[in-house]
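Report on the structure given below.
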Protein chains: 2
Amino acid sequence: MSAIQNLVSHFDRYLSLDDVESKALTSRLTERKIKRKQYILQEADICKYFTYVVEGCFKMYGVDKSGTEHNLLFAAEDDWISDLDSLHKERPSKLFIEAIEPSTILQISKGDLWYLYTNHPKFNRIFRVITEDKYIELQNRLLQTYSTAASERYESFLEQYPNLANRLPNTQIASYLGITPEFLSKIRNERSGK
Amino acid sequence: MSAIQNLVSHFDRYLSLDDVESKALTSRLTERKIKRKQYILQEADICKYFTYVVEGCFKMYGVDKSGTEHNLLFAAEDDWISDLDSLHKERPSKLFIEAIEPSTILQISKGDLWYLYTNHPKFNRIFRVITEDKYIELQNRLLQTYSTAASERYESFLEQYPNLANRLPNTQIASYLGITPEFLSKIRNERSGK
DNA sequence: TCTACATTAAGACTATTTCTTAAACCATCT
DNA sequence: AGATGGTTTAAGAAATAGTCTTAATGTAGA
């Protein structure tokens, strides 16, 4: 299956696209290969694209004043990633988006996305649902962050992203959980002891 | 201005509604008066409505296993509030939504909202943008939570919600920041010392 | 006006997590 | 295939941000 067919069938899961819509979409997508450790967004840049991950894996993170990275989220195959704040408000991003694995992506520019929204209303519905789902993810993550200890958040992470848990280095998971890799190792140790 | 006119002009800020759309919307809204400390959603219930706050103020929070409340967000005049997770996935909510002040709200049920999405596509676009804005808020909150200390998060809260800061009791702000009211008092004390 | 709750204060406390060092391990790049 | 650089585990010492407790005072709602 080609990268673009991949995305069209992704959309079909929400609402099926007719030929006109499908063509309007695919003609506006750019396919890119991204190397490991390559950025598709850097702090202070303005985010220009909404990115669909065909293959590989990305992390989006911020860096605090002491230089520590904090992973906000990961995106692997069949997922979307973008700094919506920077993309929509056209302000400099506070975040980095970096490939953790060699990856293939499809990107649509802000202008092209706006074109779709205006001329093919169905995309509003599809992206409304996508954004709602992302919102729900963040809300649950925030609730967890405030109401449970690191060890429990690790358990939830394992349940929610069993495939990512295998693929990601523990340093990255620790950054996502808001702890040091050493402490994650301690948690894993206690956990396996049980 | 009536409560409903209020909401129609809220929508007009995104995309103006024609008469048909405006009527389709208003005929599906229910106006309610809510007393202080009254719930519009309780844990374990399934969230049935998307709620627009005409007047007053609400908090949405979860309760951890030790019984402590954690405020996820507030919604005052001209804002939306709902547990999207429970509303969309039709699963029992983990959250409470409670009035902090006597309030007036407009509610639309899930079924009616779906009717609008299907029959009046413009609402998809409006709610897509509303959801995106909410997503951006959460993303920034999450980044702050992981990358800054409580005192800095308090400063940001004051900047971002200057009107809420005056209206809300500090206990509620402390719960939002993830600290005890005593510690917030300490932060305020040090802050005013400067 | 009364009552319950909110705020401030201040000191003792501590749980969670970091820091440090080190050794072993593993993966990927040339 | 070997070298190199990052990853994982370990374990004890150390730090500190935030809690707990008590108490006195202030404030807003009924």
Side-chain angles (χ1 to χ4, degrees), chain A residues 34-38 56-57 59 61 64-71 74 98-103 144-155 157-158 164-194, chain B residues 33-38 56-57 59 61 64-71 74 98-103 144-158 164-194:
Chain A
I34 309 291
K35 288 185 211 157
R36 198 164 159 272
K37 301 203 176 175
Q38 189 180 339
C57 186
K59 60 177 173 177
Y61 62 93
D64 69 24
K65 59 187 174 192
S66 78
T68 308
E69 295 182 6
H70 300 276
N71 287 342
F74 303 109
E98 182 186 332
I100 304 180
E101 301 174 358
S103 304
Q144 278 250 330
T145 300
Y146 278 101
S147 62
T148 68
S151 60
E152 256 185 272
R153 295 197 315 265
Y154 179 59
E155 295 296 337
F157 174 79
L158 293 181
L164 285 182
N166 300 326
R167 278 164 73 173
L168 296 174
N170 285 336
T171 44
Q172 296 308 322
I173 298 175
S175 164
Y176 177 90
L177 297 173
I179 58 177
T180 55
E182 292 89 343
F183 188 51
L184 175 55
S185 171
K186 211 171 281 189
I187 288 171
R188 285 159 61 90
N189 183 24
E190 276 159 24
R191 182 184 135 81
S192 67
K194 279 183 200 157
Chain B
K33 303 276 182 190
I34 308 292
K35 288 185 210 159
R36 198 164 159 273
K37 301 202 176 177
Q38 190 180 339
C57 185
K59 60 178 173 176
Y61 62 93
D64 68 24
K65 59 188 175 192
S66 78
T68 309
E69 295 181 8
H70 301 276
N71 287 341
F74 303 109
E98 183 187 330
I100 303 180
E101 302 174 356
S103 304
Q144 279 250 331
T145 300
Y146 278 101
S147 62
T148 69
S151 61
E152 254 186 90
R153 296 199 311 268
Y154 179 57
E155 295 296 336
S156 305
F157 174 79
L158 293 182
L164 284 182
N166 300 325
R167 279 162 73 173
L168 295 175
N170 285 337
T171 44
Q172 295 308 320
I173 298 175
S175 163
Y176 178 89
L177 298 173
I179 57 176
T180 55
E182 292 89 343
F183 188 52
L184 176 54
S185 173
K186 210 172 283 187
I187 288 172
R188 285 160 62 91
N189 183 25
E190 275 158 25
R191 182 183 135 82
S192 67
K194 279 182 202 157

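We name chains A, B, ... by the order of the sequence lines, and we start the count at 1 in each one.
Base contact: A:S185 has a heavy atom under 4.0 Å from a base atom.
When the C1' atom of D:dG6 is taken as reference, atom CG of A:L184 falls 16 Å away, rounded to whole Å. Between the C1' atom of C:dA6 and the CD atom of B:E101 lies a distance of 16 Å, rounded to the nearest Å. Following rounding to the nearest Å, B:E190 (CD) and C:dG11 (C1') show an atom-to-atom distance of 14 Å. As rounded to whole Å, 10 Å separates atom P of C:dT18 from atom NE2 of A:H70. A:R167 has its CZ atom 16 Å from the C1' atom of C:dA27, to the nearest Å. A straight line from CD1 of B:I173 to C1' of C:dT8 spans 15 Å, rounded to a whole angstrom. A:K37 places its NZ atom 11 Å from the P atom of D:dG5, with the value rounded to the nearest Å. Going from atom CD of A:E69 over to atom P of D:dT7 covers 10 Å, rounded to whole Å.
Partners of B:E101 by side chain to side chain donor-acceptor pair (under 3.5 Å), not counting sequence neighbours, listed by chain and number: B:R167. Looking at residues two or more places apart in sequence or on another chain, you find no salt bridge (charged side-chain N to carboxylate O under 4.0 Å, His left out) involving B:R36.
Contact check, A:N170 against D:dT9: a side-chain N or O comes under 4.0 Å of OP1 or OP2. The shortest distance between the side-chain N/O atoms of B:R188 and the OP1/OP2 oxygens of C:dT8 is below 4.0 Å.
B:S103 and B:G56 get closest at one heavy-atom pair: OG-CA, 3.4 Å. Nearest heavy atoms, B:R153 versus B:T145: CD-CA, 3.8 Å. Taking all atoms of both residues into account, the shortest heavy-atom contact from B:A150 to B:F183 is CB-CE2, 4.0 Å.
Between B:S151 and B:I187, the closest side-chain pair of non-hydrogen atoms falls below 4.5 Å.
In summary, the side chains of B:Y61 and B:Q172 do not present any donor paired with an acceptor at a separation below 3.5 Å, with no hydrogens or angles considered.
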Can you check each nucleotide of nucleotides 17-30 of chain D against protein heavy atoms at under 4.0 Å and return B for base, S for sugar-phosphate only, - for none, in 5' to 3' order? -BB-B-------S-
